[in-house]
Amino acid sequence: MTEASDEALVRRARGGDAEAYGLLVERYQGRMLAYARHMGFAPADAEDLVQEGFVRGFRNLGRCGDPSRFDGWLFRIVSNLLRSAVRRRGRRPVVHDQEVLGRIPSSLPGPEERAEGEWTRERVREALDGLPADQREALVLLYLEGRSVSEISEWTGASPSAVKMRLKRGRDALRVALAPCFEEEVE
Amino acid sequence: MSHPVPVLALLLASALPAAAARQAPPEARVDAAVWTAVEPVLSAARRDSLPIDALRSKVFEGAAKGVAPERIRVVVQEMADDFRSVRNALRGAGARAAGDAAAGAPVPAPAPAPGEVVAAAMAVRQGIPLDAVLRLWRARPDGVAGSLEVPLVVLTEIVRRGVDVPQAEALMGTVVANRVPAHVAAQLPGRLDGALAAGTPPGQALDAAVRALNLPRPPGRNPGRRPIR
Amino acid sequence: MSPARKGDTRREEARLRALLESVRAPEWAPPGFAARVMARVRREGRPAWRRALDWLLRPRAVRVTPAGALLAGAAAALVLWAAPWSGGPAQPGEGPAQAGAGTAQVVTRFVFVAPQAGSVHLTGDFVAWDQQGVPLDDARGNGVWMVDLPLDPGVYQYAFVVDGLEWSPDPLAVSQVDDGFGRQNSVVIVTQGA
């Protein structure tokens, strides 16, 4: 038995078939939750926001112009919710600027230890947490969600050149914040 | 990077307490029956110089929540008892510490600030051993009044999140002794939550939080987790 | 660009990709998540005119203010301008002093999500537990209620009052404590940043 296509499920759900929408939820819940985690949300917060995204998706299914591209449409809804939540939670303290890194060399593990592993992952998470939300969003969509610049532009409402600028600034900031993680690879 | 604050929000926010202040005094919201029940407790607390604002606040809270007068009295009495015993213990510990430092010379013991007494009582009530609280009190550098309120709350919070008491106490002792600013120490529970949410065990999560905040490490602790190979 | 520089750029790009890849979250949902979503879809996922009838139903708080993987766990009352000890750069001209008109107060943000509430008030020991303490504003009409309140540095207990009746702790607070009366209060630590 072949799986029902997104398009078929959307059409059934539009007709009031909640079960069909339930299949779409099961199909995309993991991806949406992972995306929220990539944007820095703790598991419980990610669940609440993604849940809200699915509920809004169902309410507004009539506005999903191309049911065969339900995933992108849903992504956009969740993206918007995450962005609003980021705005509301306010700024977070930025830990890793160059000045800080310069002052804590004695506490850094040796190169072999910082090459990989949890230490590095923590630095990456912190560096992402320190980015402005729009830069983080662009980097996450490009690198972790595999989206193109034009898709990011379409979803975020920013022009392609603005998206490229966010990507550039985000990359530059990460290179600075993660300098110790680049050393052994780049030097 | 800038931290823009909407001017309107600030204007609004600063207007709010002013609006609250124009309202009737808080005492007017509390039934006479409640005052009758709690007044003896409050009078005794006043005479004993306990943190009276915290006790009055509990009265207002109970009244706002519609709690029966007798229940409010019992809760306020328990709080006053907790305050008294912890305040006396802090005074005793402070006197010993001062006496040690001055080699027997009579030095007035540092008096705990009301916020410190409240935080210490809350810590003990939530399961932090009184001895740990007293050691933290002794670790306090001289002449920094009120400095222990936030560290005590943070100690309570990190223990509540599963860090064992000795590890939490050692860290907070270092935090206090090194005069780590309160706004940095206050970030520890949130940092810990982040690492715990990622599945890190509490002890390691605390180490990660310490590194992330670049806090001084307690003596004897390994300055950085070594990956297992 | 020289071939050597191009090579560096490519290596940097590959390294950056690998670093980001190292924090990729699994595409996984906790057991029961889809069922919870569908329960809400069945309850709330109705056209607007039908949902208007639900307006008076009991509000439901949803955690939104989140915590990053390493940062700020569940800080619901966000103490603004907090910066790490070792230091971000100084922020001249910014900070609590602006908010407090020369006082040492710190603007603290409280957020509560209650999509079906008609009003939300913040109360706590900073307003002597006045039920009408500080009204939150749902400026966008999306159920996210918020207020920025200048507070003196200290440790406070507080709660939200929804529709003038229902007491709720802040699900996003750094801590909840037993209030002695059978409910929970939330705790906020207000500190002055660097």
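Residue numbers begin at 1 in each chain, while the letters A, B, ... track the order of the sequences.
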A.B. asks: Nearest 0.5 angstrom please: Met38(C) CE to Phe54(A) CZ, how far?
C.D. replies: 10.0 Å
A.B. asks: Identify the two heavy atoms, one from His38(A) and one from Ala25(C), that lie closest to each other, and give their separation to 0.1 Å.
C.D. replies: NE2-N, 2.8 Å
A.B. asks: Do you know which of Arg56(A), Met32(A), Glu19(A), Arg175(A) has the most heavy-atom pairs with chain C at a distance under 4.5 angstrom?
C.D. replies: Arg175(A)
A.B. asks: Any side-chain donor-acceptor pair under 3.5 Å between Gln51(A) and Arg36(C)?
C.D. replies: no
A.B. asks: Heavy atoms, side chains only, cut-off 4.5 Å: are Leu20(C) and Leu128(A) in contact?
C.D. replies: yes
A.B. asks: Spell out the residues in residues 137-154 of chain A that have some non-hydrogen atom less than 4.5 Å away from a non-hydrogen atom of chain C, in order of number; otherwise answer 'none'.
C.D. replies: Tyr143(A), Leu144(A)
A.B. asks: Any side-chain heavy-atom pair from Glu27(C) and Gln29(A) closer than 4.5 angstrom?
C.D. replies: no
A.B. asks: Taking all atoms of both residues into account, what is the closest heavy-atom pair of Ser22(C) and Arg121(A), and its distance?
C.D. replies: O-CD, 2.9 Å
A.B. asks: Tell me, for Tyr21(A) versus chain C, whether the close heavy atoms (under 4.5 Å) come from the side chain, the backbone, both or neither.
C.D. replies: both
A.B. asks: For Pro26(C) versus Ala34(A), what's the shortest heavy-atom pair and its separation?
C.D. replies: O-CB, 3.7 Å
A.B. asks: Heavy-atom distance under 4.5 Å between the side chains of Leu33(A) and Pro30(C), does that happen here?
C.D. replies: yes
A.B. asks: Using a strict 4.0 Å threshold on nitrogen-to-oxygen distance, state whether Glu12(C) and Arg171(A) make a salt bridge.
C.D. replies: no
A.B. asks: Would you say Arg17(C) has more than 12 foreign heavy atoms packed within less than 6.0 Å of its CZ?
C.D. replies: yes
